> 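Handing you this structure, nothing more for now.
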Protein chains: 2
Amino acid sequence: MDHDGDSRTQINLQSKRVRLARDMRRSQILDAAQALFVARGWDAVTIADVLAEAGISKGGFYHHFSAKEDLLDALVERFTERAMDGTAGAREAEGDALARFNTFVDASNRWRAEHGPELRFFLDVMLQPGNETQFARINAASAEVTLPVLRGLIEEGACSGRFDVPDAGLVAETILALGHGRRAALRAAVKATDAGDLDAAALTLEARMAGEARLIDRLLGLPPGSVVLSEAGKHREMLAAIAAPCGDRRPRAPKPTRTPKPGSERRPPC
Amino acid sequence: MDHDGDSRTQINLQSKRVRLARDMRRSQILDAAQALFVARGWDAVTIADVLAEAGISKGGFYHHFSAKEDLLDALVERFTERAMDGTAGAREAEGDALARFNTFVDASNRWRAEHGPELRFFLDVMLQPGNETQFARINAASAEVTLPVLRGLIEEGACSGRFDVPDAGLVAETILALGHGRRAALRAAVKATDAGDLDAAALTLEARMAGEARLIDRLLGLPPGSVVLSEAGKHREMLAAIAAPCGDRRPRAPKPTRTPKPGSERRPPC
DNA sequence: TCATACCGACCAACCGTCGGTTTTTAAGGT
DNA sequence: ACCTTAAAAACCGACGGTTGGTCGGTATGA
């Protein structure tokens, strides 16, 4: 590398930044990055943006993360780690297979309700165009954790004769896939809730969940009404929890992909 | 950037490149891009790569496509356009709802078998890390086309009393989601086939398809064995069609994400 | 005093633009 | 018919500005 070699000799004079413990800085950077991804999306957020938001230099950042991608991995890991704790206790519930199944569903629903804002991030942001990569990873990580649990539950029910299932793995996978499609419905519901139409949104969601429950009944070989995905009115409060926690609306990033405007302004007034 | 600033005055002397009709060049570029994406993945392919592969200049490229993203859109459009023609005829089949359903499934299976190489592209490439964006688009476009058809078929069967279905849309969505999960299985099967273990791969696939069929039976409220996803041995020949058409193995792009090696070589010897 | 958190100037590479050139097509004049 | 002229479209490749990532070096807590 042969460039002007003497400009580097200038001495750093304004290092007023504090020195933090490793995990502190990491999570601080993670928080900053997550906030930015929420507002703008993966591609539209540059490393420089994260640097500014976190208040750290480039060198500092690359001391903790090896690449922009690494940021995503860490984000996913943090999320799934937290999510696992939420539903881990439901594994050793009591009762027969069906009761345990319903308990598990209820636990994950409850966890979802309690983590509204965070969920909104992975619900709202991941689905906006340009974030498919993150979404896929989150999804894969999530499935990797929940699929074995679900399959275990179903297999157990099949062994005890409570369920009538030809292939537990396939059924578990299908149920999970069902939830995958639900995201779109949830997204629409959140949107409607934001627009003030909570009742209609809750009703629609409730209908979908009821439909799903009946499908799962069939998949498990149970009479209709066995599986209960939600008590009445449960989704209303869940929607309320997920819906925008602050009064301010998001900036509505109008640039899902890379900005092709090199003119002067690069970012809309947030 | 201070390099020789007057180099522009040199006159282009070697314009030996032929001039092609609009659609010709477009599809030529598309072919080149597709081949590269197959080999390396979305992020690892630069515009310059496509330029070189297609034998066209940057200006020429941007005369036909507005951005790299546009390339993907065009690719998706071209694919779905071709795919639609393949199964369009199956819509007006004869017989009762179940027979029509089976015909539809059979038609799409047949189409899949006939377009092995192309399918392999969307199967093999889209699933490699870093291609989630394309995969999501392909998937969305595909669903947008096939979901209404499937739902129509199911609704019709529900009206005629042939099917027992609470929510046709939900069931259609679930069946489609089933196919989504199947991709992973197919991928594994293709891999096994490449490794020479065609029999085992076909057997595994056959088992999965049988399981799926029984699930769909339940979803549609039919007795077991009604839905037929494949005649015996059908998957063997399909696998054979999909499996690598050429004897040479792909370069196995070792850099799914951006290459952080600025040393000297940027691309491994292909 | 030694590891490590941290800094910021720098670099290569990339995408997309721009002024310009060449070829084709269309129009008009004779 | 033929030539001339003009507009349109295909095509070129050097350049600008931005981005992700590197590197030598500094500061600080244990």
Side-chain angles (χ1 to χ4, degrees), chain A residues 1-26 28-29 33 42-52 54-72 255 257-267, chain B residues 1-26 28-29 42-52 54-71 255 257-267:
Chain A
M1 286 67 176
D2 51 343
H3 50 90
D4 44 349
D6 50 333
S7 66
R8 179 177 293 170
T9 46
Q10 70 184 46
I11 301 173
N12 177 11
L13 292 176
Q14 39 86 296
S15 77
K16 212 87 251 340
R17 227 92 79 172
V18 283
R19 187 189 174 94
L20 290 182
R22 186 172 186 82
D23 288 340
M24 282 290 192
R25 257 284 135 70
R26 262 187 82 92
Q28 176 192 349
I29 295 174
W42 175 258
D43 283 329
V45 172
T46 71
I47 295 282
D49 292 333
V50 178
L51 264 38
I56 200 178
S57 72
K58 210 148 201 189
F61 172 84
Y62 278 99
H63 178 70
H64 291 284
F65 298 94
S66 67
K68 193 185 178 186
E69 288 268 308
D70 200 26
L71 215 47
L72 173 56
K255 306 170 179 178
T257 68
R258 174 181 291 240
T259 312
K261 268 277 172 52
S264 55
E265 87 295 355
R266 167 140 187 91
R267 188 169 310 131
Chain B
M1 289 63 180
D2 51 345
H3 48 91
D4 46 348
D6 50 338
S7 64
R8 179 180 291 172
T9 47
Q10 72 184 42
I11 301 175
N12 178 12
L13 293 175
Q14 39 85 310
S15 76
K16 214 85 243 12
R17 226 94 82 172
V18 282
R19 186 192 176 89
L20 290 182
R22 184 171 186 83
D23 288 341
M24 283 291 192
R25 256 283 133 71
R26 263 187 81 92
Q28 177 194 346
I29 295 174
W42 174 257
D43 283 330
V45 172
T46 72
I47 294 284
D49 293 333
V50 178
L51 265 36
I56 199 176
S57 72
K58 211 147 201 192
F61 172 84
Y62 278 100
H63 179 72
H64 292 284
F65 298 93
S66 66
K68 194 183 177 186
E69 287 269 308
D70 201 25
L71 215 48
K255 308 171 180 180
T257 68
R258 173 180 291 241
T259 312
K261 267 280 170 50
S264 54
E265 88 294 355
R266 170 140 187 90
R267 187 169 308 129

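Computed from a predicted structure; not experimentally measured.
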> Does the side chain of H63(A) get closer than 4.0 angstrom to OP1 or OP2 of dA5(C) through an N or O atom?
yes
> In whole angstrom, what separates D70(A)'s CG from dG20(D)'s C1'?
14 Å
> Within the structure provided, determine whether L51(A) and I29(A) are in side-chain contact (heavy-atom separation under 4.5 Å).
no
> Any sub-3.5 Å donor-acceptor pair from D70(A)'s side-chain atoms to S66(A)'s backbone N or O?
yes
> Please report the distance, rounded to the nearest Å, between CE in M24(B) and P in dT24(C).
15 Å
> Check the phosphate of dG20(D) against K68(A), side-chain N and O only, distance under 4.0 Å to OP1 or OP2. Yes or no?
yes
> Over how many whole Å does the gap from E69(A) atom CD to dG21(D) atom C1' extend?
13 Å
> With heavy atoms under 4.0 Å as the rule, sort A67(A) into base, sugar-phosphate or nothing.
sugar-phosphate
> Rounded to the Å, how far apart are I56(B) CD1 and dC12(D) C1'?
10 Å
> Answer yes or no: does a side-chain N or O of R19(A) lie under 4.0 Å from OP1 or OP2 of dA27(D)?
no
> Select one nucleotide: of dG8(C), dC14(C), dC11(D), the one nearest the side-chain heavy atoms of T46(B).
dC14(C)
> In this structure, which stretches of DNA chain D are paired as stems of three or more consecutive Watson-Crick or G-U pairs, both distances less than 3.5 Å?
C:1-25 with D:6-30, C:27-30 with D:1-4
> Among dC11(D), dT17(C), dT22(D), which nucleotide has an atom closest to any side-chain atom of Y62(A)?
dT22(D)
> Side-chain N or O of H64(A) versus OP1/OP2 of dT4(C): is the shortest distance under 4.0 Å?
no
> Round to a whole Å and report the spacing from CZ of R22(A) to C1' of dA30(D).
16 Å
> Map L20(A) and I47(B) onto DNA chain C by nearest heavy atom, then report which one ends up closer to the 5' terminus.
L20(A)
> Going from CZ on R26(B) to CZ on F61(B), what distance comes out if it is rounded to the nearest 0.5 angstrom?
9.5 Å
> For dA5(C), does either OP1 or OP2 sit under 4.0 Å from a side-chain N or O belonging to R25(A)?
no
> Can you check the F61(B) CZ to dC18(C) P distance for me, whole Å?
17 Å
> Starting at atom NZ of K58(B), determine the distance to atom P of dG19(C), rounded to an integer number of angstrom.
17 Å
> Rounded to whole Å, how long is the line connecting atom CG of D49(A) with atom P of dG21(D)?
14 Å
> What are the two closest non-hydrogen atoms of R25(B) and V18(B), and how far apart are they?
NH1-O, 3.5 Å
> Quick one: pull up NE2 in H64(A) and CE in M24(A) and give me the separation to the nearest 0.5 Å.
12.5 Å
> Taking atom CD1 of I47(A) and atom CZ of F65(A), what is their separation to the nearest 0.5 Å?
10.0 Å
> Evaluate the side-chain proximity of H63(B) to R22(B): yes if any heavy-atom separation is below 4.5 Å, no if none is.
yes
